[in-house]
Amino acid sequence: MTKRLILIDGSSYLYRAFHALPPLTNADGEPTGALFGIVNMLRATLKEAPDFAAFVVDAPGKTFRDDLYDQYKANRPPMPDELRAQVEPMCTIVEALGFPILRVPGVEADDVIGTLALQAADAGIEVTISTGDKDFAQLVRPRVTLVNTMSGSRMDSDDTVREKFGVRADQIVDLLALMGDSIDNIPGVPKCGPKTAAKWLTEYESLDGVIANAGNIKGKIGENLREALHQLPLSRELATIKTDVALDGGPETLILRPRAIDALRVLYARYGFGQALKDLDAAGDTSAASAGAAAVAIPAPPSTLDPALSVPGEYETVMTREQLDAWVAQLQAADEFAFDTETDALDAMRSGLVGLSFAIEPGRAAYIPVGHDYPGAPAQLDRALVLDALRGVLEDPAKRKLGQHGKYDIHVLRRHGVEVRGYADDTLLESFVLDAGIARHDLDSLAKRHLGMETIKFEDVAGKGAKQISFSQVAIDDASKYAAEDADITLRLHRVMKPRIEADAGLARVYTDIEMPLVPVLARIEANGVRVDADELRRQSADLSKRMLAAQQKATELAGRTFNLDSPKQLGALLFDELKLPAVVKTPKGQPSTNEEALEAIADQHELPRVILEYRGLAKLRSTYTDKLPEMINATTGRVHTSYHQAGAATGRLSSSDPNLQNIPIRTDDGRRIRRAFVAPPGRKLIACDYSQIELRIMAHLSEDPGLVRAFESGVDIHRATAAEVFARPLDEVTGNERRAAKAINFGLMYGMSAFGLARNLGIGRGEAQDYIALYFSRYPGVRDFMDRTRLQARETGYVETVFGRRLTLDFIQKGNPSQRAGAERAAINAPMQGTAADIIKRAMITIDSWIADHADRAKMILQVHDELVFEADLDFVDTLLAEVVTRMTSAGALRVPLVVDSGIGDNWDEAH
DNA sequence: TGTAAACCGTAC
DNA sequence: GACGTACGGTTTACAC
């Protein structure tokens, strides 16, 4: 029988498990996250009962690659302490599990693995390399297979390598050389990624072929290639795994020892690996001395201790009444469950229900298809019947439910006749409260981040781009795996993230008292929608078009030729190359900018800039607003329904999209006209209520500056009061310019502005701006102290907090380059104020919603714009609503200064201001 | 044909 | 480099 060898890349798994898993600690506070991942992986390996195995790790010290290239791995940060602390315990556990450990100085673990793999393959042994490092694909060949247990991927032939990389295994080294590697600091061809590299290698076969044909490759990327030519041979050498390392023993010496059961029991207990301990005890009594082969044969029961890496789930597709009844019974018996809906479109206000999925324990999930429709689709349970069967658990407020972005599912189910109640947890919001700063909170990213798992992506089952199909056309078997996994992963993520929130009182408060209660409130606001007068907008579009045409003709005349007024590039060429006008502003990429500031600066030297400014203003209004908004009116409701994104802004603010109703113009007359198209229905009025200077009030609260607090307590115009202080004159002698300067300072401070920025804003000298700021701080010393304190806290702890405990982690404040750090400091200054304001208005929305629920037929909340709430109400209910709303808004946060709410009433949004 | 980046501009 | 947080339209370049 063929012998089998498993080579485990310990170094790669250690790093990957560390970064993929949450920073767990045991009861004594020792870090265990990476250890946990490794132990689970090794236990799975033992189940495979290989004849030979080894756990290979890097030895300390330099390797031959450092000699080849002094910059090798120069970008790699030192090993974090939490990881370093896990290395020795890891080796102890690996030893106890019976694995031979290999550490060879002068080469990397990769080279040891490569050498052993080839020796074994030559000797007829089947080799499996277990690693998280894709570079090993270069070793795939007959009898050498590559697996990644964390992602579940497997490569055992040129075909499987090609699926992943687009080239054969023997071309992988060349591919890596072309791509380079920023982590290991291997130089490659700039802007050449996996796609480009694979394309070249397919065309020219090898790196040498690419080098020989470098002259034939066009474009910027061709230039990049030619400039990088000289270092490609070095890159190839660095990327090549050695297969001729001198080793003491061959593969046949790598024999597994019996597990040291007692030692393992102590170690598992110490690090809190409950499931591993249970398995050990279950197997240990009967086969204490077995060499691991079938030692862990008993399947693990569902466990809350280590849901993260437990085996892939058993998913059921519910096709019969009996199955449905059985699942409903299980849901009724469960304390909590995760659910998810699948639909035929993205828009929550239009999409139809295609299926539902549920998970009650990690690994135990089901998919109930109700709307799959394709040739040959099997008969499915009736949608109404399924929803009726589930109605009890879904509408029961005492039954805790959780989801990922459940607001969407709440909309879909409401539109299909089911009112979800008891929506208790949401993994999107758990992630947002834990790490507001990260880019993505979608399920796939979270699964990778917190569970180290690769999930089935929507595009895997439905395709993408032009080839994308509706989920209703996805084969039920595929749909079931995808949908059940979504519910399963949601549940597992919840079990990992929720305890981390509960461990911090501030985060728990923000999550439990603000974000979760807000979910149904936002769903109601979105469902309410706002009435928009499409005819009015179309009239405005026509008017704007006429004026745009006039501006365009004038511009052509002034330029002496036609050009595309919408193209910054063409405009720049005309203004700065042909007309030789000065370029005072540069874009971030160093090009001459044609933005408003740049055009204003040259408006006195030529007529054209002014005409462009006119055109731009008109074009913006038409393309973004007057043309688009009528298209967004829902055919069923006749209203416009925006989406509010609760995890949209890192500071805790909401964002709005499809359409964005938080950037409707107000500053210019032409812009403000658009607000006249946001109207109240007949018999109703719009009521707009906005917080007056809420962020500055929060600055007064946080800084406790006596002067600023006093100014707000007195109720005077804050910018005028600031001007009076800074310019040392009575309130009624403050000039317009002085007030304008004070206002610029007030706002600039909240954004962490410098003297440079203030000078530019006010059109004054930098020295003068610096004088203003110094004067300001001398009058309001508490503000300066607050700024310094905030920066210091951010630098020391890496995060800042709002009054209510919301936390924003600033990754770049400690590790970034100077420019990134400066940016992080500005964000640190701003976030407590912007974030506290967001907390306050969210609290107000929740309490107003609960009041308005009893008057739902007479009034609705319809918009939120950061510091403003808009309602529509029956004429005879306006006064009642206004009084109640203002009271609830002003009492939504207890600050050292009063909260003041301004309000207005009108037939449209403009009038209500 | 589709997508991403660059640029610009609207809001608070 | 220089003012925080968003969304989105148009052009442009480029990969598929």
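The figures here come from the full heavy-atom set of this structure, side chains too, leaving out hydrogens, waters and symmetry mates. In this text, all values refer to a predicted model and were calculated from it rather than measured experimentally. Throughout, protein chains are lettered first and strands after them, A, B, ... in sequence-line order, and every chain is numbered starting at 1.
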Base, sugar-phosphate alone, or nothing: which one does Leu654(A) contact when heavy atoms must sit under 4.0 Å apart?
nothing

Using a cut-off of 4.0 Å on non-hydrogen atoms, how would the nucleic acid contact of Arg616(A) be classed: base, sugar-phosphate, or nothing?
sugar-phosphate

With sugar-phosphate meaning primed atoms plus P, OP1 and OP2, does Arg653(A) contact a base, only sugar-phosphate, or nothing at under 4.0 Å between heavy atoms?
base

Which residues pass the salt bridge (Lys or Arg N to Asp or Glu O under 4.0 Å) test with Asp717(A), not counting sequence neighbours?
Arg739(A)

Taking only heavy atoms on the protein side, list every residue of residues 594-602 of chain A lying under 4.0 Å from any atom of DNA chain B, sorted numerically.
Thr594(A), Asn595(A), Glu596(A)

Any base atoms under 4.0 Å from Ala619(A), or only sugar-phosphate, or nothing? Heavy atoms, all strands.
nothing

NA contact type, Asn761(A), heavy-atom cut-off 4.0 Å: base, sugar-phosphate, or nothing?
base

Within the 4.0 Å heavy-atom criterion, would you say Glu695(A) contacts the bases, only the backbone, or no part of the nucleic acid?
nothing

So Ser819(A), base contact, sugar-phosphate only, or nothing? Heavy-atom distance under 4.0 Å.
nothing

Atom pair distance, as rounded to whole Å: NE2 in His866(A) and P in dA6(C)
10 Å

With P as the reference atom in both, quote the distance from dG1(C) to dA6(B) in angstrom, rounded to an integer.
15 Å

Which nucleotide in the list dT5(C), dT11(C), dG9(C) gets nearest to the side chain of Lys628(A)?
dG9(C)

Atom-pair distance (CG on Leu762(A); P on dA2(C)), nearest Å
18 Å

Assign Tyr625(A) to base, sugar-phosphate, or nothing according to its heavy-atom contacts below 4.0 angstrom with the strands shown.
sugar-phosphate

Whether Thr587(A) side chain and Lys589(A) backbone form a donor-acceptor pair below 3.5 Å
yes

NE2 of His866(A) to CD of Gln834(A): how many Å apart, nearest 0.5 Å?
8.0 Å

Considering every strand and a 4.0 Å limit on heavy-atom distances, what is the contact class for Asn660(A): base, sugar-phosphate, or nothing?
sugar-phosphate

Which two nucleotides bound the region of DNA chain B that has atoms under 4.0 Å from heavy atoms of chain A, read 5' to 3'?
dG2(B) to dC12(B)

So, OP1 or OP2 of dT11(C): does either fall under 4.0 Å of a side-chain N or O from Asn564(A)?
yes

Ala827(A) has its side chain closest, among dC3(C), dT5(C), dT11(C), to dT5(C)

